[in-house]
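Shown next, in structure tokens, is the structure this report addresses.
Throughout, a chain's letter reflects where its sequence line sits, starting with A, and its residues are numbered from 1.
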Protein chains: 2
Amino acid sequence: METTRPRRELSRTRIVDAAVALLDGEGTHALTMRRLAQSLGVTPTALYWHVDTKEDVLGLAVDHIFGDVPVPAASDDWRRDVRTLVGGWRAAMLRHPWAPGLIGRPMRGPNVRARTEFLQAALGRGGHEGRRLDVVTRLIANFVIGSAVTEAAWGRTSPHDDDLFHGGLDELLR
Amino acid sequence: METTRPRRELSRTRIVDAAVALLDGEGTHALTMRRLAQSLGVTPTALYWHVDTKEDVLGLAVDHIFGDVPVPAASDDWRRDVRTLVGGWRAAMLRHPWAPGLIGRPMRGPNVRARTEFLQAALGRGGHEGRRLDVVTRLIANFVIGSAVTEAAWGRTSPHDDDLFHGGLDELLR
DNA sequence: ACCTGAACACCGTTCAAGT
DNA sequence: ACCTGAACACCGTTCAAGT
């Protein structure tokens, strides 16, 4: 089929990986198309063959970190399922503190969608349905996002923040 | 426009007002120090006498829009107080859709702090205290922020979004 | 198909100098 | 105290050209 070449080729995924590395290492302001290209040993303009725009790269980077959120197997304890998913969700964002600030854009990524659907399904197993199911799904999702945004903004997350977050989640799953 | 009219003097507040106008009119990408200066009939570098950095301007702009959120007089119906405050909070953010995306750092502004304290006081009147008061305050604040962030990201807010938001709030004030 | 080089139209910020 | 002008070190993106 395809012979592996000695030179690593450029690709969409390689670009996204490099972008995440740059964001993790040096923060939002460090992600420029030029520095990104440099970290890949390539010309800035080369990126544009694989990617439409910088905004595009940012969106892919956000969706990428959601891919690391483990989707638990659905168990018979729906509350635990929700807590596991949402805890991983929050942890992923706090592990990449640049991500919450970037969630002003395409949450349309497939990884994000899959997690949201799992959340909704778990709440469905909890007996919610109809409008109430939609309400509670959004309530939880927006609480998690809001928490991540404000905590990431503050710099570091304290044990007190963790406590308040889990307390809030308990309140919602009561 | 009116070159004959004597130019008003530059000031911190005049800069912030112009920044908000620019953000409202043309969005985040339009706010550059150069265009901001131009809209004030002044040299880009003149801004730096009144303001430290562009980040500074952004922070002031966010706090400014929170100043427009009416803080209701505390009544004997704490639930209504919460709903009024939080509704105005959300409305202000959706009126300036660039704001949620900018809620990075400047939740330290005085306008923001005043609203948060009113929220906590109202919940206190509702009988919450100790850890539970902190938990619920954060829960509501982060829900509002998360809602504004995701809705602003999606472009426009539909009546369905409104419905889900108020449903969520009812759930929290149950 | 995939990448380079040069170019365009911008940026934020500093700093000496003017008033 | 307040503002200008020039300059520095960057940006994202397009496009012809090479392979």
Closest to side chain of [X], choosing from [options]:
X	options	value
Leu10(B)	dT13(C), dC2(C), dC3(D)	dC3(D)
Lys54(A)	dC2(C), dT13(D), dC2(D)	dT13(D)
Thr32(B)	dG12(C), dT13(D), dC3(C)	dG12(C)

Could you tell me the Watson-Crick or G-U partner of [N], where both distances fall under 3.5 Å? Say none if there is no partner.
N	result
dA17(C)	none
dC3(D)	none
dG12(C)	dC8(D)

Rounded off to whole Å, could you give me the [atom1]-to-[atom2] distance for the [X] and [N] pair?
X	N	atom1	atom2	answer
Arg34(A)	dC11(D)	CZ	P	7 Å
Arg35(A)	dC10(D)	CZ	P	10 Å
Glu26(B)	dC10(C)	CD	P	13 Å
Asp52(B)	dG12(C)	CG	P	15 Å
Met33(A)	dA9(C)	CE	P	20 Å
Trp49(A)	dA17(D)	CH2	C1'	14 Å
Leu31(B)	dT13(C)	CG	P	11 Å
Leu47(A)	dG5(C)	CG	P	14 Å

Validate the cation-pi geometry between Arg90(B) and Phe165(B): distance from NZ or CZ to the six-membered ring centre under 6.0 Å, angle to the ring axis within 45°. yes

Check whether NZ of the Lys or CZ of the Arg Arg115(B) lies under 6.0 Å from the centre of the six-membered ring of Phe66(B) and within 45 degrees of that ring's axis. no

Any side-chain heavy atom of Trp98(A) sitting closer than 4.5 Å to one from Asp24(A)? yes

Can a donor-acceptor pair under 3.5 Å be found between the side-chain atoms of Thr45(A) and the base atoms of dG5(C)? yes

When you measure from the side chain of Ser11(A) to the backbone of Arg14(A), do you find a donor-acceptor pair of N or O atoms at a distance under 3.5 Å? yes

Please assess Arg95(A) against Asp68(A) for the test salt bridge (charged side-chain N to carboxylate O under 4.0 Å, His left out), listing each intermediate value before the final yes or no. CA-CA 11 Å; Arg95(A) 227 170 17 243; Asp68(A) 288 341; 5.3 Å; no

Looking at dC11(D), I'd like to know if its phosphate oxygens (OP1 or OP2) sit under 4.0 Å from a side-chain N or O belonging to His29(A). no

